[in-house]
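Some notes on the structure that comes next.
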Protein chains: 2
Amino acid sequence: MEMFLSIDQASRCTTCAIRHRSICDALSATEILSLNRIARSRVVPAGQMILGEGQARSVFANIVSGVVKLTKTLDDGRQHIIGLLFASDFLGRAYRAENPYFAEAATDVELCVFPTAGFERLLAEHPGLEHRLFQYTLTELDACQEWMLLLARKKAEERVASFLLMIAKRVPNMECSRVERRDEVHFVLPLSRAEISDCLGLTIETVSRQITRLKTRGVIELVNYREILIPDLARLQEAAYDAPAKVPSPKARRSVPAED
Amino acid sequence: MEMFLSIDQASRCTTCAIRHRSICDALSATEILSLNRIARSRVVPAGQMILGEGQARSVFANIVSGVVKLTKTLDDGRQHIIGLLFASDFLGRAYRAENPYFAEAATDVELCVFPTAGFERLLAEHPGLEHRLFQYTLTELDACQEWMLLLARKKAEERVASFLLMIAKRVPNMECSRVERRDEVHFVLPLSRAEISDCLGLTIETVSRQITRLKTRGVIELVNYREILIPDLARLQEAAYDAPAKVPSPKARRSVPAED
DNA sequence: CGAATTGTTGAATATTCTCAACAGAGGTGG
DNA sequence: CCACCTCTGTTGAGAATATTCAACAATTCG
């Protein structure tokens, strides 16, 4: 029995679906082995809490499949989803006693969980692991800053289009969706309208209206409430105002390149 | 001459005002020395660009004094200030060819600049430096997520109050302001109304009206347009709805702590 | 099949934005 | 030192956008 468990553990990483996209990628054989030794699989059904806001000590985990939402709440009930985690993403805030957000399974989720103490010890022992997590965190920060621009400056329709675009980019790698033809994408929304509105800083009704509007304009098609078909990704991108970064600013206040 | 420069370099870190608050804190003597060897002081006048958006290669620097604003721009001119850097903060995105934002001096700024290649080499050689920068990045991410909640869910008045509170917390450590009595704070705004509106996802006019409103209600006093006096920090905090994080959510969708 | 949940739609309302005018502050040159 | 100009900030009125409240439709679950 002990023997079987060992074999199972040893093979876990080699057969792991997210092995080469998660923070485990680019780790040395030793590091993978150390991580594997403390890892534990866990399945969390949709809607179940994974991590409480302000909860003492974080939890660390790779998302193997499914979608996890991270929410922050104002104490009059207003809330916002500050992030969505998909397969291969990493959950957990290192070096902090209190977890700053609330993590919940948006769909059924498979996790590869690492105990807090053990993980932080490995982080200290293996600079390679910390380096990888640092890079992941930088990417997360980039995404967060990009999302701030959406919340601060985009109109409701652009926000909804941006959201669908983001989902279209991340979900198709998963079992529940598929790319059919070039530029045509088909997927199942992992979130309800209420959750989408919490991502976008809008109300349920506004999200619903904008989805209807995009449908009427032919930018998207609704197979059913949760299932969406995008005939032409470029048109959605246009609606999202997902334009590449450009020169500094149109009328920057005396912005001169600073040489010295 | 060479001699004088050496002495100057050697003393730079020991006399540095931000030495124990910046990423240089918690570095070993060797690490500090290595950093010092490649560092260069630079003064940037208010309004001048430090780093272009999409510019090839980043620049790395500690902010010694002054305020730097980081902006992102949509190509129709809509823009947002994704972050403000104050004394002791770190500027620069490691491990990325293109800089994701545009950095500009909001006030006159003193920087301690590290050349790109040299800094990244030190990061690779000294895990202690990378560890410190990682921690700094995590704090930045926390702040970014907190700000998203503001952009997504707070009303104009709460946003303006939150902004003033943030400034009150960070600026008083600087030369241009001072704490006078318990709970009374007095400072000079480092940003114009236009810049404040770009931080908050509002228009200039809305910011102006909300400042007037806070003044009328006695929450703040305006010495002049740029100089603000906060008689009671607690009242401002109330107006900002800056409430501590609470239990998960008021009507969470079947949120049950997941034990296994 | 019926109840509960989730999503849509409409009408009225609230908030913020836009456009426009004006006021105050700061700088320049006579 | 003041007149003048520019830039920044304020204020008002009307318009646009998103929210709230309410009814209803579709979907899901037991």
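Here is the naming used below: chain letters follow the sequence lines, and residue numbers restart at 1 for every chain. Atom set for the values below is all heavy atoms of this structure, side chains included, hydrogens, waters and symmetry mates excluded.
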Subject >> Under the salt bridge (Lys or Arg N to Asp or Glu O under 4.0 Å) test, residues paired with A:E140 that sit two or more places apart >> reply: none
Original post:
With sequence neighbours excluded, what pairs up with B:S162 under the side chain to side chain donor-acceptor pair (under 3.5 Å) test?
Top reply: B:K154
Original post:
Taking CD1 from B:I220 and C1' from D:dG9, how many angstroms apart are they, rounded to a whole number?
Top reply: 14 Å
Subject >> Distance-only side-chain donor-acceptor flag, A:H80 / B:Q145, under 3.5 Å >> reply: no
Original post:
When you check the phosphate oxygens OP1 and OP2 of C:dT9, does a side-chain N or O of A:T212 lie under 4.0 Å from one of them?
Top reply: yes
**OP:** Specify the separation, in whole Å, of atom CZ of B:R153 and atom C1' of D:dT19.
**Re:** 11 Å
Original post:
Is A:L202 touching bases, backbone alone, or none of the nucleic acid, heavy atoms closer than 4.0 Å?
Top reply: sugar-phosphate
Original post:
Tell me: CG of A:L189 to C1' of D:dT28, nearest whole Å?
Top reply: 17 Å
Original post:
So which one's nearest nucleotide on DNA chain D is more toward 5', A:T206 or B:S208?
Top reply: B:S208
Original post:
Whole-Å distance between D:dT27 P and A:I204 CD1?
Top reply: 18 Å
Original post:
Touch check for A:R159, heavy atoms < 4.0 angstrom, all strands: base, sugar-phosphate only, or nothing?
Top reply: nothing
Subject >> salt bridge (Lys or Arg N to Asp or Glu O under 4.0 Å) involving A:E158 - partner list, sequence neighbours excluded >> reply: B:R78
Original post:
Through what angle, rounded to 10 degrees, does the axis of the helix from C:dC1-D:dG30 to C:dG30-D:dC1 turn between its ends, using five pairs per end?
Top reply: 40°
Original post:
Given atom CG of A:D76 and atom P of D:dT20, what is their separation to the nearest angstrom?
Top reply: 11 Å
Original post:
Between C:dG7 atom P and A:L191 atom CG, what is the distance in whole Å?
Top reply: 10 Å
Subject >> Closest to the A:A156 side chain, choosing from D:dT20, D:dA18, D:dG9 >> reply: D:dA18
**OP:** Apply salt bridge (Lys or Arg N to Asp or Glu O under 4.0 Å) to A:R153 and list each qualifying residue two or more places apart in sequence or on a separate chain.
**Re:** B:D198
Original post:
Taking only residues two or more places apart in sequence or in another chain, which ones pass salt bridge (Lys or Arg N to Asp or Glu O under 4.0 Å) with A:R226?
Top reply: none
Subject >> Among A:D108, A:T107, A:D89, side chain to side chain contact (heavy atoms under 4.5 Å, CB included) partner for A:V67 >> reply: A:T107
Subject >> Whole angstrom value for the distance that separates P of C:dT16 from NZ of B:K154 >> reply: 14 Å
Original post:
Sequence neighbours excluded, which residues qualify as side chain to side chain donor-acceptor pair (under 3.5 Å) partners of A:D142?
Top reply: B:R93, B:R96
Atom pairs, N/O to N/O, protein against nucleotides 19-27 of chain C, distance under 3.5 Å?
| residue | atom | partner | partner atom | Å |
| --- | --- | --- | --- | --- |
| C:dC19 | N4 | B:E205 | OE2 | 3.0 |

Original post:
In chain order, what residues pass the side chain to side chain donor-acceptor pair (under 3.5 Å) check against B:T203, with sequence neighbours excluded?
Top reply: B:T206
Original post:
Separation of B:I228 atom CD1 from D:dG9 atom C1', in whole Å?
Top reply: 12 Å
